[in-house]
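Worksheet: the structure to be examined is printed underneath.
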Number of protein chains: 2
Amino acid sequence: MANRAVADWSSDSGGLEPIARATLQEQVYQQLRNRIMTGFFQPGQPLSTRSVAEAAGVSVMPVRDALRRLEVENALVVGNNRTLQVPILDVDTLQEISAMRIALEGLAVERAMPAINTDDVAVLRNLCGVMNDSILSGDIDKYLEANWAFHNRIYERSSSEIMLSVIESLWLRMGPYFRLTAKDKNHLDNAMKIHHDIVEAMRTGDCAAARSAVVADIEAAAGDLSQWLAQQAS
Amino acid sequence: MANRAVADWSSDSGGLEPIARATLQEQVYQQLRNRIMTGFFQPGQPLSTRSVAEAAGVSVMPVRDALRRLEVENALVVGNNRTLQVPILDVDTLQEISAMRIALEGLAVERAMPAINTDDVAVLRNLCGVMNDSILSGDIDKYLEANWAFHNRIYERSSSEIMLSVIESLWLRMGPYFRLTAKDKNHLDNAMKIHHDIVEAMRTGDCAAARSAVVADIEAAAGDLSQWLAQQAS
DNA sequence: TGACTCCAAGTGTGATCACACATATCACCC
DNA sequence: GGGTGATATGTGTGATCACACTTGGAGTCA
């Protein structure tokens, strides 16, 4: 009587996968967010509710929620006629975001260090390899994705949800421009060297070295982008 | 022909005040935000769209937008049955938020220092007086308001919009608990002493002293709240 | 030719209705 | 009496319609 087929359902391993219920709003949000993060949209590009709704094949309601969510995260800003658009980065804002990144990501690394184990180091080293391959094959999308996965892996070890969400929003704000620096060979070489420094600091458990390496990574990106922006303005 | 009455409208000083068009969603958002910041709502209190809509006398649509906005800011969190509720602070989250506050508000003070002038110092000194009066009269609402105005005045001088919005969201997250520490005489005395230190550092332009005073303020609040939470748990 | 008027398209905002889901209550049957 | 199923209530989600506002350009008149 006890060994009915139903009994298996309650076992932890033998049941069905938990059904991931993603609302339409959530799906639209994730798609837009991903495209912003990877620089799919041009800076300044307007995103209206109706246009996005038509492109996604849904009503304006989920789109409205998704866009507002992105607006609060500073991933989108209000344009001229109240239409939301991808933010255009100026040098001052770049400096502000970079300063915040240094403060928060430096803090996140310090908090994460005690929780970093050998598995993490292996994953980070593997992601370094993926980035290297992406550079050789010229796959910018893959590089950007691996780069975020690399940093995210570290920060999520700090077990700080709020801090992680803020850091993500800062990356989101810089997303449309990351792709630009990812085309510069010198920047990529330098970035890969820094990434290896980070992994090495993680392996040896050197907290100060890890922090300074992360800071160096952020400053390098800020410097290259600042240079690009200045060049663009002239 | 040029000096028609219409000409005055285009002048910068002689026109009408720009009409502040606040949407319903914006009004609901501001009201809820203010009440969260000043600890009007109890931690854990659920806020459903329909209940808020009925209380505010509007449809569920503006309320939905306002609640989602607050959710993204971490000012509200999802409860059991997907209903949003005022977040309950645990010691770990308190430490996380305080660490972020130290990193970001310390940075904001440093960036603000060069822009601080004698007017700012006068305003800050005045706000200290307001806080003092509020303590004597026992008006906690007025004290909390003046306290936020004091810090906000400093941070907004850093001319860093994004940083300011993040700092605000952190204050919002701690809002429901600020009121608790504002009942403790020892905490208030210590806070007022620190506030005077901040003003003094602003007056003399001592950047390091200003930063350390702000950090001391945050650490004092974190310490007192942590103590209160531990006492509550037992 | 120039300035002005008017209209159409596009935008966000808000209300209302309908639906799926979760929970609690209670009658019901074994 | 205790488990079982139906129902009522409250919840978020989404679609559809209506409205106010902005903007652009075509058309018109001086």
Side-chain angles (χ1 to χ4, degrees), chain A residues 1-2 4 6-7 9-10 16-33 41 44-73 75-87, chain B residues 1-7 9-10 16-32 41 44-87:
Chain A
M1 341 205 170
R4 280 164 32 191
V6 178
W9 291 76
S10 64
L16 268 61
E17 292 282 330
I19 298 174
R21 295 182 318 167
T23 61
L24 290 182
Q25 175 257 127
E26 182 72 19
Q27 297 178 49
V28 173
Y29 168 74
Q30 290 295 345
Q31 277 199 40
L32 288 178
R33 178 193 176 88
F41 296 122
Q45 178 168 346
L47 267 64
S48 74
T49 54
R50 284 178 176 82
S51 63
V52 174
E54 190 177 3
V58 296
S59 149
V60 295
M61 286 303 313
V63 175
R64 186 203 295 198
D65 290 342
L67 289 181
R68 188 169 301 282
R69 195 164 159 187
L70 289 166
E71 179 196 0
V72 176
E73 288 186 305
L76 294 177
V77 296
V78 289
N80 288 330
N81 46 351
R82 295 195 194 175
T83 311
L84 292 177
Q85 64 182 30
V86 180
Chain B
M1 344 219 168
N3 57 354
R4 283 164 27 192
V6 177
W9 291 78
S10 63
L16 267 61
E17 291 285 327
I19 299 174
R21 295 183 317 168
T23 60
L24 290 181
Q25 174 257 127
E26 182 72 19
Q27 297 178 50
V28 173
Y29 168 75
Q30 290 295 345
Q31 277 200 40
L32 288 178
F41 295 123
Q45 177 169 346
L47 267 64
S48 72
T49 54
R50 284 178 174 83
S51 64
V52 174
E54 189 177 4
V58 298
S59 152
V60 294
M61 287 302 313
V63 176
R64 186 204 295 199
D65 290 342
L67 289 181
R68 188 169 303 282
R69 196 164 159 187
L70 290 166
E71 178 195 0
V72 177
E73 287 186 305
N74 288 312
L76 294 177
V77 295
V78 290
N80 289 329
N81 45 351
R82 296 194 193 175
T83 311
L84 292 176
Q85 63 181 32
V86 180

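Lettering of chains follows the sequences in order, A, B, ..., and the numbering in each one begins at 1.
- Between A:Arg68 atom CZ and B:Asp65 atom CG the span is 4.5 Å, to the nearest 0.5 Å.
- Summarising the geometry, the separation between CZ on B:Arg50 and P on C:dA15 is reported as 14 Å, rounded to the nearest angstrom.
- Side-chain N/O atoms of B:Thr83 include none lying less than 4.0 angstrom from OP1 or OP2 on D:dT11.
- Rounded to whole angstrom, the span from the CD atom of B:Glu26 across to the P atom of C:dT13 amounts to 10 Å.
- A distance of 3.5 Å separates OH in B:Tyr29 from CD in B:Glu73, rounded to the nearest 0.5 Å.
- Partner A:Leu67 forms a side chain to side chain contact (heavy atoms under 4.5 Å, CB included) with one of A:Val28, A:Thr83, A:Val60, A:Leu76 and no other, that one being A:Leu76.
- No more than 12 heavy atoms of other residues, nucleotides or ligands sit less than 6.0 Å from atom CD of A:Glu54.
- Judged as a salt bridge (charged side-chain N to carboxylate O under 4.0 Å, His left out), and not counting sequence neighbours, the contacts of B:Glu26 are B:Arg69.
- For DNA chain C, the residues of residues 53-72 of chain A within the heavy-atom distance limit of 4.0 Å (strictly under) are A:Arg64, A:Arg68, sorted by number.
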